[in-house]
Number of protein chains: 2
Amino acid sequence: MMSAETLAPMVAKLARRSCLDEEARAHLLALPHSLRKIEARQHIVRQGDRARHSALLLDGFAYRHKIVGDGGRQIVSVHMKGDLVDLQNSFLNAADHNVQTLTDALVAFVPRDAIAALAAQNAQIGMALWIDTLVDGSIFREWIANVGRRDARMRTAHILCEFAVRLEAAGLSQGPSYGLPMTQEQLADVLGLTPIHVNRTLKGLERDGLIARDKRSLRITNRARLAAVGDFSDQYLHLEKQSVSLVAAAQ
Amino acid sequence: MMSAETLAPMVAKLARRSCLDEEARAHLLALPHSLRKIEARQHIVRQGDRARHSALLLDGFAYRHKIVGDGGRQIVSVHMKGDLVDLQNSFLNAADHNVQTLTDALVAFVPRDAIAALAAQNAQIGMALWIDTLVDGSIFREWIANVGRRDARMRTAHILCEFAVRLEAAGLSQGPSYGLPMTQEQLADVLGLTPIHVNRTLKGLERDGLIARDKRSLRITNRARLAAVGDFSDQYLHLEKQSVSLVAAAQ
DNA sequence: CGGGGGTTTGAGTGAGCTCAACTATCGTGG
DNA sequence: CCACGATAGTTGAGCTCACTCAAACCCCCG
């Protein structure tokens, strides 16, 4: 249940952006947790929950979404291996949105207080978690701009580029093709469009040779042009290592 | 330049959501900083900047925005007294968006490393800053849903409610009326609409007796109905005190 | 009293929506 | 192995919400 390496994907993700020495890594790997295999389409957190645990996604895909007054659903983020999917829901009093699996998934539930204690005690870990939250915010901002100010074609191209880059960064892409584990309806809820319009938009991108589709898997055939169409730059993903000095912190 | 109480609005804001004892408050107030008065419509941070300082808004209003490929602008957040307007831009390598004043403003620039050091050294402060970032994220998510899945009328009503609640929380509202220091064009860039449509939408809300307008000041005449129209609940603002236990942290 | 930023109004257009039907794919049980 | 149902994707036709373009209008300020 708690083998030494279970949480490795999460550590790997944090270590991509922040400096974590051996001690910090060991502490993270030693976090108490319970593992659960969760089937596709199941809820991990429901809006209003007062969770005492944070969910870490160790394998599979998940997404977070909100339901608005007239029944519409908006997906606000999509998560993959290694992601901390609901720090916010456990550190803020009540969950302000839902978290649900997209595919079968392996999830570790870590007591919130254990994370808080570790962050307080080890500056590298505190900073790494904070930076992870900041990057989350950066992606949210890009999505606001995407949904607010780009038309359907740009918007779709943009999100496809984002997924491609993030899958690569997470070491999940096998070549240029990736199986996006999402239905067109779910993609529509990411993009703030209707599934019908997403369908037509994807066909448009395919007709123009930017992507190829086969059943439910999708391949980007012209990355540069897709990025141009989608006004995509990976800057907002902050993939490189961040250079916050913690030397001063040791004062 | 660095009187003991200059940074008080920021401390007040953090203390609204997190527990800060006297020591923590004193540390925060003692942060080194330089003050600048900045006129309306001036940039505080430009996309791409590599800032070594974080901006704290001590007085006035500011907003963050992104420019998309075809020239459109999307405002991703609006800030008021006490807000930490660009932690992200200074802790992540390069600014992924712009920060600009809406009105004349008083801004304190605090060296990033001083904040990092303080967060590392004092667990309450580290947690308070992290929670502030998490709440930021929560608001971003709501905006994604707002822009993605609500029509113009709901969307506008929703944002007007958010502003009213946040102004109150910041102690800035004098009665039920508030002067929104924003042009309809800026509001349009918040909402992902055109200024013309914002104008018509506001008139619609006014006609229905939900708001009243006089010149550039705006008054909510029926808060309950406006909230209903805008599908607004203040849950996502997480205004109450968060209850993360740091006792364990002292272990 | 003239100019400029912001607001208001009108008329026509179009991107993306709704409704509805049809097709393809896949898993399951007979 | 086929029939069936369920889920997802595709296509067409018509509509509407929000956009564009264009022209006042208003108010503040110099």
Side-chain angles (χ1 to χ4, degrees), chain A residues 39-42 61 68 70-75 100-104 146-160 179-207 211-219 229-230, chain B residues 39-42 68 70-75 100-104 146-159 179-207 211-218 229:
Chain A
E39 288 185 350
R41 292 148 188 275
Q42 300 304 304
F61 290 84
V68 305
D70 59 0
R73 179 178 71 159
Q74 176 69 44
I75 294 179
Q100 216 166 334
T101 54
L102 219 36
T103 61
D104 289 353
N146 206 33
V147 171
R149 284 293 183 223
R150 293 196 183 104
D151 68 18
R153 183 179 165 88
M154 289 178 79
R155 206 185 289 185
T156 307
H158 191 278
I159 217 69
L160 292 179
L180 193 62
M182 249 190 266
T183 65
Q184 292 181 0
E185 185 171 5
Q186 290 161 338
L187 196 51
D189 286 339
V190 164
L191 295 168
L193 298 170
T194 55
I196 289 119
H197 201 64
V198 166
N199 182 286
R200 299 197 224 264
T201 306
L202 287 175
K203 291 204 69 172
L205 293 173
E206 187 173 32
R207 174 176 37 76
I211 62 172
R213 291 178 306 151
D214 174 53
K215 293 171 194 171
R216 261 134 229 189
S217 98
L218 191 144
R219 190 159 40 90
V229 166
Chain B
E39 288 186 349
R41 292 149 188 275
Q42 300 303 303
V68 306
D70 58 1
R73 180 179 70 159
Q74 176 70 43
I75 294 179
Q100 215 166 334
T101 53
L102 218 37
T103 61
D104 289 353
N146 206 32
V147 171
R149 285 292 183 222
R150 293 194 182 106
D151 67 17
R153 185 179 165 88
M154 291 178 79
R155 206 185 289 185
T156 307
H158 190 279
I159 218 69
L180 194 62
M182 250 189 266
T183 65
Q184 292 181 3
E185 184 172 5
Q186 289 162 338
L187 196 50
D189 286 339
V190 163
L191 295 169
L193 298 169
T194 54
I196 291 122
H197 202 63
V198 166
N199 182 284
R200 298 198 225 263
T201 306
L202 287 175
K203 291 204 70 173
L205 294 172
E206 188 173 30
R207 176 179 33 77
I211 62 173
R213 290 177 307 151
D214 174 53
K215 294 170 196 172
R216 261 135 229 186
S217 98
L218 192 145
V229 166

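- A 6.0 Å sphere centred on CD of B/Glu185 holds no more than 12 heavy atoms belonging to other residues, nucleotides or ligands.
- Note on B/Arg41: every side-chain N or O is 4.0 Å or more away from OP1 and OP2 of C/dG5.
- Following rounding to the nearest Å, B/Asn199 (CG) and D/dC19 (C1') show an atom-to-atom distance of 14 Å.
- For A/Gln100, the side-chain contact (heavy atoms from CB on, under 4.5 Å) partners two or more places apart in sequence, or in a different chain, are A/His43, A/Tyr63, A/His65.
- Judged as a side-chain contact (heavy atoms from CB on, under 4.5 Å), and not counting sequence neighbours, the contacts of B/Ala40 are B/Asp104.
- As a whole-Å value, the separation of A/Leu218 CG from D/dG9 P is 11 Å.
- With hydrogens and angles ignored, the 3.5 Å screen pairs no side-chain donor or acceptor of A/Arg219 with any backbone N or O of A/Ala212.
- With hydrogens and angles left out, the side chain of B/Arg200 and the base of C/dG10 share a donor-acceptor pair within 3.5 Å.
- Here side chain to side chain donor-acceptor pair (under 3.5 Å) pairs that include residues 188-197 of chain A, with residues two or more places apart or in two chains, are A/Arg73-A/Asp189, A/Asp189-B/Arg149.
- Within the structure, every side-chain polar atom (N or O) of A/Arg213 is placed at least 4.0 Å from both OP1 and OP2 of C/dA24.
- Less than 4.0 Å separates DNA chain C from at least one heavy atom of each of the following residues of residues 147-160 of chain A: A/Asp151, A/Ala152.
- Contact of the B/Asp70 side chain with the A/Met154 side chain is registered, since non-hydrogen atoms from C-beta on lie closer than 4.5 Å.
- Taking atom CG of residue B/Asp214 and atom C1' of nucleotide C/dT7, one finds them 14 Å apart after rounding to whole Å.
- A heavy atom lying under 4.0 Å from DNA chain D marks the following residues of residues 182-197 of chain A, by number: A/Thr183, A/Gln184, A/Ile196.
- Taking B/Glu206 as the reference, B/Arg213 meet the side-chain hydrogen bond (donor to acceptor under 3.5 Å, both in side chains) condition, with sequence neighbours excluded.
- In this structure the side chain of A/Leu191 never reaches within 4.5 angstrom of the side chain of A/Thr201, judged on heavy atoms.
- Taking atom NZ of residue A/Lys203 and atom C1' of nucleotide D/dG12, one finds them 12 Å apart after rounding to whole Å.
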